[in-house]
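In what follows, a structure is listed as structure tokens, so that the remarks can point back to it.
The chains referred to below are lettered A, B, ... by the order of the sequence lines, with proteins before strands, and numbering in each begins at 1.
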Protein chains: 2
Amino acid sequence: MTVMETTGTRTDICAAPPQQNRRPDGEDRYTISEVVAFTGLTAHTLRWYERIGLMPHIDRSHTGQRRYSNRDLDWLDLVGKLRLTGMPVADMVRYAELVREGDHTYVERFELLRTTREDVLARIDELRGTLAVLDRKISFYADAGHALASERSR
Amino acid sequence: MTVMETTGTRTDICAAPPQQNRRPDGEDRYTISEVVAFTGLTAHTLRWYERIGLMPHIDRSHTGQRRYSNRDLDWLDLVGKLRLTGMPVADMVRYAELVREGDHTYVERFELLRTTREDVLARIDELRGTLAVLDRKISFYADAGHALASERSR
DNA sequence: TAGAACCTTGGAGTGCGCTCCAAGCAAGCG
DNA sequence: CGCTTGCTTGGAGCGCACTCCAAGGTTCTA
């Protein structure tokens with residue numbers, strides 16, 4: 001039972017002010033455990049991302065151990081943000097493929113970003129609707145002294 | 001292969017202006033397929049919600065078929081909203097239990113609603129952060145004519 | 001130089017939220 | 001009456017996104 005995990009709730013990782021404990025040196029060859037510390041992802045997940053093609057092939061040391069670059073960390077930042085929107089991993093893999101395929105996929109990438117943007121706007125709107133419902137319910141609970149409150153709000 | 005499904009994308013169900021095609025009559029004893037039409041959930045899911053305790057025991061016809069009330073539909077509305085926030089089903093079941101247990105769970109319910117509200121606010125903020133990243137990337141793509149665009153934004 | 005801590009791989013396992021199945025009962029229609 | 005359509009149940013199955021395992025090689029610290 002190795003240690004790992006236990007760092008952060010995995011959902012608010014990217015909510016923290018960026019560039020906080022990242023890029024601690026000017027170096028460009030981070031070990032997997034350093035990347036775990038920076039991103040809050042597990043080593044398992046990092047290797048899995050690579051296997052499924054969500055990451056480019058990560059550079060290796062002479063003995064075959066992963067050495068992540070700043071560019072890789074930038075990519076993980078983007079992936080983290082997209083993950084927060086609920087975008088399926090398969091879609092992110094698709095985007096990664098487009099990037100690997102080169103400049104001629106420019107238009108498709110652009111479209112993908114724009115539809116994702118629309119999705120995010122829609123999700124924010126949904127959440128605002130939910131917030132309104134919660135606020136109504138909360139003020140109902142706050143008002144009704146607790147005397148006759150048995151879930152008949154609205 | 002029965003029909004069902006195919007109605008709506010399931011994510012924007014509750015985003016539609018409420019009271020739209022709901023409560024079509026003054027009646028209070030909707031069949032499961034009517035509820036499927038109103039909510040966009042599948043009949044499978046509705047039965048499953050009941051099995052796991054996310055719904056109260058639904059009233060039955062003399063032959064044992066479910067007859068949903070307007071109150072049940074209200075509850076499904078709330079569940080739909082909470083689902084959009086990413087709240088785990090187990091937590092919603094917990095809330096449902098509190099409601100069933102009666103008035104003395106008032107404080108706990110209130111707290112649950114308030115923490116959920118905070119979570120929603122946090123999620124909206126995360127999404128706004130993602131939106132900012134997407135906007136930066138999109139304007140990068142828009143500017144760089146497509147000539148030398150090979151994923152080196154930021 | 002020993003030992004702990006860390007890294008590698010392919011493949012199997014897990015938890016969540018559904019999703020479907022089989023077998024059978026009930027209601028409406030030509 | 002037979003047929004179609006819709007409903008019932010418990011339990012099995014599925015897709016996603018990880019999560020972990022076993023067996024072994026590497027790197028760091030004392």
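Taking a cutoff of 4.0 Å between a charged side-chain nitrogen and a carboxylate oxygen, B/Arg94 and B/Asp91 do not qualify as a salt bridge. A salt bridge does not link B/Arg47 with B/Glu50: every distance from a Lys NZ or Arg NE/NH1/NH2 to an Asp or Glu carboxylate oxygen is 4.0 Å or more.
Computed from coordinates, the A/Glu34 CD to D/dT27 P distance equals 14 Å when rounded to whole Å. The nearest whole Å value for the distance from the CD atom in A/Glu50 to the P atom in C/dC7 is 14 Å. As rounded to whole Å, 16 Å separates atom P of C/dG11 from atom CD1 of A/Ile52. The CG-P distance, from B/Leu54 to C/dG17, rounds to 10 Å in whole Å. Here the P atom of nucleotide C/dC25 and the NE2 atom of B/His62 are 16 Å apart, to the nearest Å. Protein atom CD of B/Gln65 is 9 Å distant from nucleotide atom C1' of C/dC25, rounded to whole Å. Summarising the geometry, the separation between CD1 on B/Ile58 and P on D/dT9 is reported as 11 Å, rounded to the nearest angstrom. Look at CG on A/Leu46: it is 13 Å from C1' on C/dC7, rounded to the nearest Å.
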- Message: Would B/Asn70 and B/Tyr30 count as a side-chain hydrogen bond (donor to acceptor under 3.5 Å, both in side chains) here? Give the steps.
- Response: CA-CA 8 Å; B/Asn70 281 309; B/Tyr30 311 103; 2.8 Å; yes
- Message: Let's go through A/Arg109 and B/Tyr141 carefully: what are the C-alpha distance in whole Å and the side-chain angles of both, what is the deciding distance for side-chain hydrogen bond (donor to acceptor under 3.5 Å, both in side chains) to 0.1 Å, and is it a yes or a no?
- Response: CA-CA 9 Å; A/Arg109 276 188 260 169; B/Tyr141 269 81; 2.8 Å; yes
- Starting from the C-alpha separation in whole Å, work towards a yes-or-no answer on salt bridge (Lys or Arg N to Asp or Glu O under 4.0 Å) for A/Arg71 and A/Asp74. CA-CA 5 Å; A/Arg71 182 184 268 251; A/Asp74 285 342; over 6 Å; no
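Remark on DNA chain D: of its neighbouring residues A/Met92 and A/Arg47, the 5'-side contact belongs to A/Met92, judged by nearest-heavy-atom nucleotide. Across the interface with DNA chain C, nearest-nucleotide mapping of A/Arg60 and B/Ala90 shows A/Arg60 to be the residue nearer the 5′ end.
Residue B/Tyr49 places none of its side-chain N or O atoms closer than 4.0 Å to OP1 or OP2 of C/dG17. Distances shown here put every side-chain N or O of A/Thr45 at or beyond 4.0 Å from the OP1 or OP2 atom of D/dA17. Phosphate contact (OP1/OP2 of C/dC7, side-chain N/O of A/Thr63, threshold under 4.0 Å): absent.
Candidate nucleotides D/dT19, C/dT19, D/dC7 were compared by shortest atom distance to the side chain of B/Trp48, and C/dT19 ranks first. With C/dT8, C/dC18, D/dT9 as the choices, the nucleotide that has an atom nearest any side-chain atom of A/Ile32 turns out to be C/dT8. Nearest nucleotide to the A/His44 side chain, out of D/dT8, D/dC7, D/dC21: D/dC21. Comparing C/dC7, D/dT19, D/dA17 by their nearest atom to the side chain of A/Pro88 picks out D/dA17.
A/Gly53 approaches A/Ala96 most closely through the heavy-atom pair O-CB, 3.6 Å.
Residue B/Arg66 is in sugar-phosphate contact alone, with no base atom involved, counting any heavy-atom pair closer than 4.0 Å across all strands shown. Contact annotation for A/Thr31: backbone-only contact, meaning every heavy-atom pair under 4.0 Å involves sugar-phosphate atoms and none involves a base. Within the 4.0 angstrom heavy-atom criterion, no nucleotide atom of any strand lies near A/Arg67.
Contact of the A/Leu76 side chain with the A/Asp72 side chain is not registered, since no non-hydrogen atoms from C-beta on lie closer than 4.5 Å. Using a 4.5 Å cut-off on side-chain heavy atoms (C-beta onward), A/Leu134 and B/Leu82 make contact.
Checking side-chain atoms of B/Asp59 against main-chain N and O of B/Arg67 turns up no donor-acceptor pair under 3.5 Å.
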Below 3.5 Å is the cut-off: list the nitrogen or oxygen pairs between protein and nucleotides 11-15 of chain D, distance only.
from: D/dG11; atom 1: N7; to: B/Arg51; atom 2: NH1; distance (Å): 2.9
from: D/dG11; atom 1: O6; to: B/Arg51; atom 2: NH2; distance (Å): 3.0

Are there any protein N/O atoms within less than 3.5 Å of an N/O atom in nucleotides 28-30 of chain D, and if so, which ones and at what distance?
none

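Counting heavy-atom neighbours within 6.0 Å of B/Arg114 CZ, excluding the residue itself, gives a total of 12 or less.
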